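Worth saying up front: this structure is predicted, and the values here are computed from it rather than measured.
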Amino acid sequence: MTGEEKLLYNRLSELAGRSFTRGIWTYSEFLSVSEQSLLTIGELAKSQWRLFGGYEGAERAIAVFGSADICGYEDTPPITWVKAEPANMRFSAELSHRDFLGTVMSLGLKRSVIGDIVAAGNTGYICCLDSVAEYICENLDRVKNTSVICRIEPIPEDFAGALPEEKTVFVSSVRIDGAVSAVYGLSRSQAKELFDRELVYINSRTVPSPAVQLAEGDIVSVRGYGRFTYVCTEGETRKGRLCIKVKVFGRT
């Protein structure tokens, strides 16, 4: 571990211990996929935790420590959605995820208090900790050259920007390196580099080998590209290649 990773690991361990000894729910700030992998090693792997990012398939998520059995009550994760939409759609510039993220970061907030930002149709939904939601609403009034209005509002369940794209790809097997290559259109050498640099994760765990076989429901995250869920194998071609179904999430 790096020095920063050790500090974060110790912080997560502290939260896990506090939850267990006091019988309360405890929560981390938002974790990247690589930071989430710390939860799967050492004593933390034995603690009771889950990840929550505000919607199914969220990339950035908080760690929730505890259980209803230990705490005696249901938890309410401290996460809020802030909707940012143009004051006048007719005169709005084209706004992307990067535009919303850059503007939010310019407010002086730490990245760890901001989760995924889902953008579509020039409207952005910003997932954040409760503690900064009002601050964002009060201070985020312009994205690029477009005036925006912010308010606390849950993300719609059918919001197109948050929904994954279903697609089928052809692979020789369900090895993770082949699936990553097929989903993102990468050459074998490009995919190999990602694994060599430990930039690929399955269910928030660093992939130990590019030969790992995918199981249905596995969520694969690739730093710099996004993430996808392996749904199932739908069939086999005459030449023996497998047709697999995946759900591909956009960059958040």
Nearest heavy atoms of [X] and [Y], plus distance in Å:
X    : Y    : value
A191 : D177 : CB-O, 4.3 Å
R60  : D116 : N-OD1, 3.0 Å
V82  : C150 : CG1-CB, 4.0 Å
Q48  : S67  : OE1-OG, 3.3 Å
L38  : L12  : CB-CD1, 4.4 Å
G42  : Y9   : CA-OH, 3.5 Å

Measuring only between side-chain heavy atoms, which start at C-beta, is [X] closer than 4.5 Å to [Y]?
X    : Y    : value
Y201 : R223 : yes
V222 : V183 : no
E29  : K110 : yes
Y125 : E153 : yes
I155 : C127 : no
K144 : S96  : no
R205 : V212 : no
L44  : F65  : yes

Please round to the nearest 0.5 Å and tell me the distance separating atom [atom1] of [X] and atom [atom2] of [Y].
X    : Y    : atom1 : atom2 : result
C137 : I149 : SG    : CD1   : 11.5 Å
I244 : S173 : CD1   : OG    : 9.0 Å
T146 : D99  : OG1   : CG    : 8.5 Å
I152 : W81  : CD1   : CH2   : 13.5 Å
I126 : T80  : CD1   : OG1   : 12.0 Å
I70  : T21  : CD1   : OG1   : 10.0 Å

May I ask you to decide if A63's main-chain N or O and S28's side chain share a donor-acceptor pair within less than 3.5 Å?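 Yes, because the side chain of S28 sits within donor-acceptor range (under 3.5 Å) of the backbone of A63.
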Mark yes or no for whether S106, through its side chain, and T103, through its backbone, hold a donor-acceptor pair below 3.5 Å.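 Confirmed, S106 side chain pairs with T103 backbone.
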Report the residue from T123, V143, L95 that forms a side-chain contact (heavy atoms from CB on, under 4.5 Å) with E85.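 Answer to the side-chain contact (heavy atoms from CB on, under 4.5 Å) test with E85 among T123, V143, L95: T123.
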Sole residue of I114, L129, N139 in side-chain contact (heavy atoms from CB on, under 4.5 Å) with L109: I114
Of all residues at least two apart in sequence or in a different chain, which pass the salt bridge (Lys or Arg N to Asp or Glu O under 4.0 Å) check with [X]?
X    : value
E14  : R11, R18
K192 : D196
E5   : none

Would the number of heavy atoms belonging to other residues, nucleotides or ligands and lying under 6.0 Å from [atom1] of [X] be above 12?
X    : atom1 : result
K83  : NZ    : yes
K6   : NZ    : no
Y27  : OH    : yes
R98  : CZ    : no
E234 : CD    : yes

So Y225 and Y184, would you call those rings parallel, tilted or perpendicular, with 30° and 60° as cut-offs? tilted
Could you check whether the rings of Y73 and W25 sit parallel, tilted or perpendicular, using 30° and 60° as the cut-offs? perpendicular
Does a donor on one side chain sit under 3.5 Å from an acceptor on the other, for R142 and S147? yes
Please list, chain by chain and in numerical order, all residues satisfying side-chain hydrogen bond (donor to acceptor under 3.5 Å, both in side chains) with S204, sequence neighbours excluded.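 Q36.
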Under the side-chain hydrogen bond (donor to acceptor under 3.5 Å, both in side chains) test, residues paired with R22 that sit two or more places apart: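 Per chain and number, R22 pairs via side-chain hydrogen bond (donor to acceptor under 3.5 Å, both in side chains) with no residue.
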Count I, L, V, M, F, W, Y as connected when their side-chain heavy atoms are under 4.5 Å apart, and connections chain through other members. Are [X] and [Y] then in the same cluster?
X    : Y    : answer
L107 : F100 : yes
L15  : F20  : no
I136 : I117 : yes
V33  : F52  : no
L140 : M105 : yes

Report the C-alpha distance between T26 and W49 in whole Å, list the side-chain angles of each, state the deciding distance to 0.1 Å, and finish with yes or no for side chain to side chain contact (heavy atoms under 4.5 Å, CB included). CA-CA 10 Å; T26 58; W49 58 267; over 6 Å; no
Side chains of residues 213-221: which donor-acceptor pairs under 3.5 Å do they make with residues two or more places apart or in other chains?
residue, atom, partner, partner atom, Å
Q213, NE2, A211, O, 3.4
D218, OD1, N203, ND2, 3.0
D218, OD2, A215, N, 2.8

Begin with the C-alpha distance, continue with both residues' side-chain angles, and end with the deciding distance and a verdict on side chain to side chain donor-acceptor pair (under 3.5 Å) for S13 and N10. CA-CA 5 Å; S13 297; N10 291 338; 5.2 Å; no
